[in-house]
Amino acid sequence: MTRFRAPKGTHDVLPPESRRWARVEAAFTDLAARFGYEPAITPIFEATEVFVRSVGEETEVVQKQMYTFEDKGGRSLTLRPEATASVVRAAIQAGGVSGVLKASYWGPMFRYERPQAGRSRQFHQAGVEYFGEAAPEADVEVIEFGYRFLEELEVPDVEVRLNSLGDEEDRKAYHAELVAYLQERLDLLSEEARGRVETNPLRVLDSKADVDVVADAPIPLDHLGEEAFAHFERVKAGLDRVGVPYVIDPHLVRGLDYYNRTVWEYVPTGYEAAQASVGGGGRYDRLFELLGGRPTPAVGLAMGVDRIILAMGERDLPRVLDLFVTYAGPPWKDEAVRLVSRLRREGLRVDIDLGDRSLKAQFRAADRRGARTAVVVGDEWHQGIVTAKDLVEGSQTTVPVEEIATWVLEH
RNA sequence: GUGGCCGUAGCUCAGUCUGGUGAGAGCGCCGGGUUGUGGUCCCGGAGGUCGCGGGUUCGAAUCCCGUCGGCCACCCCA
C-alpha cells in the first residue's frame, strides 16, 4: 500500500469527483446570496471553552468528540465541531448585533469518532445564521432555505422533520415530569439512556434503543408555554404558505444544548443509511447570553455537505468545460494554443491537450475532462474555419474561426 | 469507547478452507484497427514488496502470532 495515507476519518476529493463538490458549493453560494446571507469567515479553532459553554457540557460532542489541544502558550484550543458557536462568538466580539445580521459559512468541521458511512472526523458543513430576529417567519425562512437548497440539488425524497422544544421556563417543568417518567422505568432503559436521565434527559427521547419506553413518554410539544405555542403555530402556518412540506416529530431534540423553540432536520427517506440526516437547525435565543453577549434572538441551520453528496448518488458528473481545442498534428499546435488563449480571455472555459497525441486521444481527453464541445485546428484553418463537434449530441459542422465563441455558447 | 467483516494490479474482487504447476479476472489506463475525431465494438500493451513484521515448513498470497490500516454497525450526529 502507499506509504502515506489521509489520516483516519479524513478523505481526499480529487478531480473529476470534486466536480460534485464544486456544484454543491456553487448552489449554496448562489442560494445564500438570493436569501440575503453574506459570508462570515471565522477561525477553524476556538478556545475550548467556547464550545463547552455553547454546545453544552453534557453533550456527546463535548464529552468525547472534541479535537482539543494545547498550543505553545498553554491555551486549550479545539478544532470546531460546528460553526454556530464561532459565528456567535465573532458577532459578540464585534460589539454585538444591532438590528439584523444574516451570515453564511462553508467549511470543514471536526469531531473525533470512529468513522463510518456518512461520518468522518473531518466533514464539511454549509450553514446560515439569522441573528436579531425573533419573528417566527425567520424560522420559516431558514427552514425554507435548507429545503430549497436540497431541492435545487435534486436530493431525492427529502422529509423535513419539525418539533418545538419550548422556552427555558417551559422546559423546567417538563424536565421534572420527564425525569419522573424515566425513573419509574429505569430497568427498561438501555445503559446509555440510564446514564442520561440525570445529566441530559431530553436526549433519551431520540434514543434508538429505547423507542418502546419513549413512545409514551411526555413530550415537549405538550408542555409549550403560551408564547412558544403561538410561535410554533406561526412557523407551521408559514411553512404551509411558502409550500414547504413537513412532518411533526415530537421526539426530535437534536444534540446541541443551545436550542429552544423550533428545531428541525432534513432526512432523505429513500436513502438507506444509519447516518441519514443531511442537515438540521433550530432557534437558539439564549446562545448570545451563554457566550457573554447581549440577549439576541437567533435561528440557523447547518447542512452536511458530505452526506448531501452521498444522498445525491452516482449521477453523471457535470460537464465543466465549454470547449476542448484539438489540433491535427504538431504543426498546428501553436495556432491551437493561441486560439485557446484568446477564447479564455473572452470568458469561455477552454482546455487543450498539450502532448501532441493523436486526435483520437485528444477527443478521448475532451470527453473525459468534461467538455461539451470540441473543435479541430487543422487544414481548414487556411480557409478560416474549424471543424466543430457537439460532444453530447455527436453532431459535427464547420464554423468560421471568428464565430467559435458564438457557436460554443449556442451548444 | 463497544462489536462484526476485510486488507492480492489505479478500482472492484477471485485464488486462502484442502501450503507446491510461470499470481488471475472485470473495469480503468495507454496504443492500434480508423496515418483528422470521443462516448459503442474488436485487437494488443503497461501495471503487483499478495498491508507490514516475525514464526512454522524443503516450500507461505495460502497456516500461526503480532502490528498497522480500511469498511460497517452501536452510541451520537452533519
Side-chain angles (χ1 to χ4, degrees), chain A residues 1-11 14 17 55 58-65 80-84 107-127 146 190-193 195-196 200 203-204 206-210 252-256 265-268 272-281 301-311 316 319 324 326-329 331-332 353 355 357-381 386-396:
Chain A
M1 288 294 111
T2 45
R3 183 156 148 83
F4 296 113
R5 314 189 89 263
K8 187 182 183 77
T10 67
H11 302 282
L14 297 172
E17 203 52 36
V55 171
E58 297 297 339
T59 57
E60 293 289 318
V61 170
V62 166
Q63 292 272 303
K64 55 180 220 190
Q65 298 179 346
R80 62 182 188 191
E82 57 109 36
T84 299
M109 309 293 159
F110 306 83
R111 290 182 199 173
Y112 188 89
E113 11 177 32
R114 292 275 282 267
Q116 64 185 74
R119 175 161 55 210
S120 306
R121 291 183 174 182
Q122 176 176 335
F123 57 102
H124 287 72
Q125 285 187 339
S190 64
E191 201 174 323
E192 290 88 2
R196 270 185 231 120
N200 201 343
R203 296 232 52 77
V204 180
D206 70 354
S207 169
K208 278 182 205 165
D210 301 285
L252 180 66
V253 296
R254 306 198 35 80
L256 314 176
E265 280 187 1
Y266 305 92
V267 183
E272 287 303 322
Q275 324 304 327
S277 166
V278 296
L301 64 69
M303 308 301 292
V305 176
D306 312 62
R307 285 188 187 174
I308 287 172
I309 287 167
L310 264 181
D316 288 346
R319 301 238 166 205
F324 203 86
T326 69
Y327 53 100
W332 290 107
D353 183 311
R357 277 175 263 275
S358 66
L359 258 197
K360 181 194 185 85
Q362 293 181 65
F363 268 82
R364 211 179 6 245
D367 194 51
R368 206 159 351 96
R369 297 287 306 287
R372 288 162 33 229
T373 65
V375 294
V376 182
V377 175
D379 292 332
E380 323 87 296
W381 190 267
V386 293
T387 302
K389 184 166 187 175
D390 182 323
L391 293 172
V392 180
E393 301 288 324
S395 57
Q396 190 163 303

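The closest donor-acceptor contact from the side chain of A/Glu82 to the backbone of A/Met109 lies at 3.5 Å or more, if one exists at all. A/Ser358 places a side-chain N or O within donor-acceptor distance of the main-chain N or O of A/Ala361, the cut-off being under 3.5 Å. Using modelled atom types, one side-chain atom of A/Arg307 and one backbone atom of A/Gly118 make a donor-acceptor pair closer than 3.5 Å.
Within the 4.0 angstrom heavy-atom criterion, no nucleotide atom of any strand lies near A/Arg372. A/Ser120 comes within contact range of at least one nucleobase, with a heavy-atom separation under 4.0 Å. Contacts of A/Arg369 with the nucleic acid, taken as non-hydrogen atoms under 4.0 Å apart, are absent. Within the nucleic acid shown, A/Glu82 has no heavy atom closer than 4.0 Å to any nucleic acid atom.
In this entry B/G69 has B/C6 as its Watson-Crick or G-U wobble partner, both defining distances falling under 3.5 Å. Under the Watson-Crick and G-U wobble criteria, each requiring two contacts below 3.5 Å, nucleotide B/U34 is left unpaired. B/C74 is paired with B/G1 under the Watson-Crick or G-U wobble criterion, all donor-acceptor distances under 3.5 Å. When both distances must be under 3.5 Å, the Watson-Crick or G-U wobble mate of B/G26 is B/C11.
Taking the P atom of each, B/G31 and B/G38 are spaced 12 Å apart, rounded to whole Å. Nucleotides B/U67 and B/C6 have their C1' atoms positioned 16 Å apart, rounded to a whole Å. Comparing the same atom, C1', in B/G44 and in B/G36 gives a spacing of 23 Å after rounding to whole Å. Comparing B/G33 with B/U40, their C1' atoms are spaced 14 Å from each other, to the whole Å. The P atoms of B/U16 and B/G24 are separated by 16 Å, rounded to the nearest whole Å. Taking atom C1' on both B/C50 and B/U37, the two are 41 Å apart, rounded to the nearest angstrom. For the C1' atoms, the distance linking B/C43 with B/U8 amounts to 28 Å, nearest Å. Between B/C11 and B/U49, the distance separating the two P atoms is 13 Å to the nearest Å.
A/Arg357 places its CZ atom 7 Å from the P atom of B/G31, with the value rounded to the nearest Å. Between the CZ atom of A/Arg80 and the P atom of B/A78 there is a distance of 14 Å, given to the nearest Å. Following rounding to the nearest Å, A/Met109 (CE) and B/C76 (C1') show an atom-to-atom distance of 18 Å.
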Can you give me the N/O atom pairs linking the protein to nucleotides 3-6 of chain B at distances under 3.5 Å, or say none if there are none?
from: B/G3; atom 1: O6; to: A/Arg114; atom 2: NH2; distance (Å): 3.0

Which pairs, protein N/O on one side and nucleotides 68-70 of chain B N/O on the other, fall under 3.5 Å?
from: B/G70; atom 1: OP2; to: A/Lys8; atom 2: NZ; distance (Å): 3.2

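Distances shorter than 4.0 Å separate none of the side-chain N or O atoms of A/Gln116 from OP1 or OP2 on B/C71.
Note: A/Leu359 CG to A/Arg364 CZ = 11.5 Å, rounded to the nearest 0.5 Å. Between the CD atom in A/Glu17 and the CD1 atom in A/Ile309 there is a gap of 8.5 Å [rounded to 0.5 Å]. Here the straight-line distance linking atom CZ of A/Arg357 with atom OH of A/Tyr327 works out to 8.0 Å at 0.5 Å rounding.
Counting only residues at least two apart or in different chains, side chain to side chain donor-acceptor pair (under 3.5 Å) contacts with residues 370-379 of chain A comprise A/Asp322-A/Arg372. Sorted by first and then second residue, the salt bridge (charged side-chain N to carboxylate O under 4.0 Å, His left out) pairs with a member in residues 108-118 of chain A read A/Glu113-A/Arg119; sequence neighbours excluded.
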Q.
Generate the contact string for nucleotides 32-43 of chain B. Rules: B means base contact, S means sugar-phosphate contact only, - means no protein heavy atom under 4.0 Å.
A. SB--BBBB----

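Closest of all the heavy-atom pairs between A/Gln125 and A/Ala83 is OE1-N, 4.4 Å. Pairing each heavy atom of A/Gly280 with each of A/Tyr266, the nearest pair is N-CD1, 4.0 Å. Of all heavy-atom pairs between A/Arg121 and A/Pro115, the closest is NE-CD, 4.3 Å.
Side chain A/Glu113 to base B/A78: a donor-acceptor pair is found below 3.5 Å.
In this structure, the salt bridge (Lys or Arg N to Asp or Glu O under 4.0 Å) partners of A/Asp367, at least two apart in sequence or on a different chain, are A/Arg319.
For the 3.5 Å distance criterion, the side chains of A/Thr387 and A/Glu380 qualify, holding a donor opposite an acceptor.
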